[in-house]
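Please read these numbers as outputs of a predicted model, since none were measured by experiment.
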There are 2 protein chains.
Amino acid sequence: MRGETWVDADIDELCLSFLVRQAWLNMRGAMDGALSGLGLSVAQYASLLVLADQPGITIADLARAVASTRQSANELLAGLADQGLVERRRHPTDGRSQQVFLTDAGRERLEEARPVVRERERELEAGFSQEERRLARQWLRRMTGDQPA
Amino acid sequence: MRGETWVDADIDELCLSFLVRQAWLNMRGAMDGALSGLGLSVAQYASLLVLADQPGITIADLARAVASTRQSANELLAGLADQGLVERRRHPTDGRSQQVFLTDAGRERLEEARPVVRERERELEAGFSQEERRLARQWLRRMTGDQPA
DNA sequence: CTCGCATTGACAGGAACCTTACGTTCTTGG
DNA sequence: CCAAGAACGTAAGGTTCCTGTCAATGCGAG
């Protein structure tokens, strides 16, 4: 722990969570930088991905899909709606909820963003083998709590 | 992406950053839960670790060590000072800055917290080999930007 | 020595998230 | 069918982080 940050073998074993935090912060910075030209944050990009995969998802389900709260999801959607990238419609059978859809502009923005993000992430991972990448993802998925021991 | 969250092979490749985010969020929740009985958050714990390793570090350097801002670091230190775990002293040779030290109570709190955190993180990683853990850390360090390609 | 630039901790305001609570709607067991 | 409990989107307030700015201090080149 003599460098700029304490990303060091010893400290990793004392607070692994913080290493993950720093990885996330740096990746977020890199992705936000890459996406800024498209007017998107990484959180917005991720939400567009979910919406592309699940058209008509409700705000509550979107929140769950991105491990967030309904309030946060709704606020983020408001920003995307302001950009004309998503639209919210009354749910056809559930009077409590709304369905969210990508607009054409939203789909186009997403298609523009994908290669940008993929390229940046590929750069970050340069030098790691396919197997090492697979292992890293497996490890991360475990850390998300979605894959039991 | 049919589960509770979109922690899924396909989406990982479309937004790896978000997978890291979700790992961090879950780990933070787990650590905060484990540390709550000690009145610490994971961020506070991490700062105590830095202070134990670098007694007398300045607020600005602590902020850099945890990849944060001076303001955030100072606010976090205020909370720790309120608990009597750290103290800030005028720097002996630099009229702008202050040095931060652990108090005895701070050192004791840290010693109590270490095994708690280590145990929770060990549980999260159960089933991964030593080599797999090493690889995951190597990958994470790369993602922090502190280890070039 | 001087001066332009950089750094410091603190102030002010904002962003992005959270929790709590609400009225409305839905679900389900009796 | 009914009532208790759950879920919905939204409002309100709070927390934790950020950025921009400030006055004071430090650094280094000329």
Quiz prompt | Value in whole Å for how far the P atom of D/dA7 lies from CG of A/Leu62 | solution = 18 Å
Quiz item: Can you check the A/Ile57 CD1 to D/dC8 P distance for me, whole Å?
Solution: 11 Å
Exercise. Please state whether the phosphate of C/dA16, meaning OP1 or OP2, lies under 4.0 angstrom from any side-chain nitrogen or oxygen of A/Ser72.
Key: no
Self-check item: Donor-acceptor side-chain pairing of B/Thr58 and B/Gln99 below 3.5 angstrom
Solution: no
Self-check item: Closest nucleotide among D/dT10, D/dT19, C/dG9 to the B/Thr69 side chain
Solution: D/dT19
Quiz prompt | Check ion pair A/Glu112-A/Arg107 (N to O, under 4.0 angstrom) | solution = no
Self-check item: Distance, rounded to the nearest Å, where B/Glu75 contributes CD and C/dA12 contributes C1'
Solution: 11 Å
Using the 3.5 Å cut-off, write out each protein N or O paired with an N or O of nucleotides 25-29 of chain D and the distance between them.
unit_1	atom_1	unit_2	atom_2	d
D/dT25	O3'	B/Gly95	N	3.2
D/dG26	OP1	B/Thr93	O	3.3
D/dG26	OP1	B/Gly95	N	2.6

Quiz item: Nearest to the side chain of B/Asn74, which nucleotide is it out of C/dC17, C/dA10, D/dT19?
Solution: C/dA10
Self-check item: Phosphate OP1/OP2 of D/dA11: any A/Arg70 side-chain N/O under 4.0 Å
Solution: no
Quiz item: Are A/Arg109 and A/Gln83 linked by a side-chain donor-acceptor pair shorter than 3.5 Å?
Solution: yes
Quiz item: Which nucleotide, C/dA10, D/dT10, D/dC8, lies nearest any side-chain atom of B/Ile59?
Solution: C/dA10
Exercise. Kindly indicate whether a cation-pi arrangement holds for B/Arg89 with B/Phe101, taking the cut-offs as under 6.0 Å to the six-membered ring centre and within 45° of the axis.
Key: yes
Quiz item: Any luck finding a side-chain donor-acceptor pair between A/Asn74 and A/Arg88 under 3.5 Å?
Solution: yes
Practice problem: Go through the steps to decide whether A/Arg134 and A/Glu131 satisfy the test salt bridge (Lys or Arg N to Asp or Glu O under 4.0 Å), and finish with yes or no. | Solution: CA-CA 5 Å; A/Arg134 187 198 64 77; A/Glu131 178 57 22; 2.7 Å; yes
Quiz item: B/Arg64 CZ to C/dG9 C1': how many Å, rounded?
Solution: 12 Å
Self-check item: Check: A/Gln71 side chain, C/dC17 base, donor-acceptor under 3.5 Å
Solution: no
Quiz item: Nearest nucleotide by nearest heavy atom, which residue falls closer to the 5' end of DNA chain D, A/Gln99 or A/Leu25?
Solution: A/Gln99
Quiz item: At under 4.0 Å, does any side-chain N or O of A/Ser68 touch on OP1 or OP2 of C/dC18?
Solution: yes
Quiz item: Could you give the NE2-to-C1' distance, from A/His91 to D/dC8, as a whole number of Å?
Solution: 11 Å
Quiz prompt | Spacing between A/Asp32 atom CG and C/dA16 atom P, to the nearest angstrom | solution = 10 Å
Practice problem: Measure the distance from CZ on A/Arg90 to C1' on C/dC26 and round it to the nearest whole Å. | Solution: 17 Å
Quiz item: Taking atom C1' of C/dG9 as reference, at what distance in whole Å does atom CG of B/Leu77 sit?
Solution: 11 Å
Practice problem: Could you point out which residue of B/Leu51, B/Leu40, B/Leu38, B/Leu102 forms a side-chain contact (heavy atoms from CB on, under 4.5 Å) with B/Leu110? | Solution: B/Leu102
Quiz item: When you check the phosphate oxygens OP1 and OP2 of C/dA10, does a side-chain N or O of B/Gln98 lie under 4.0 Å from one of them?
Solution: yes
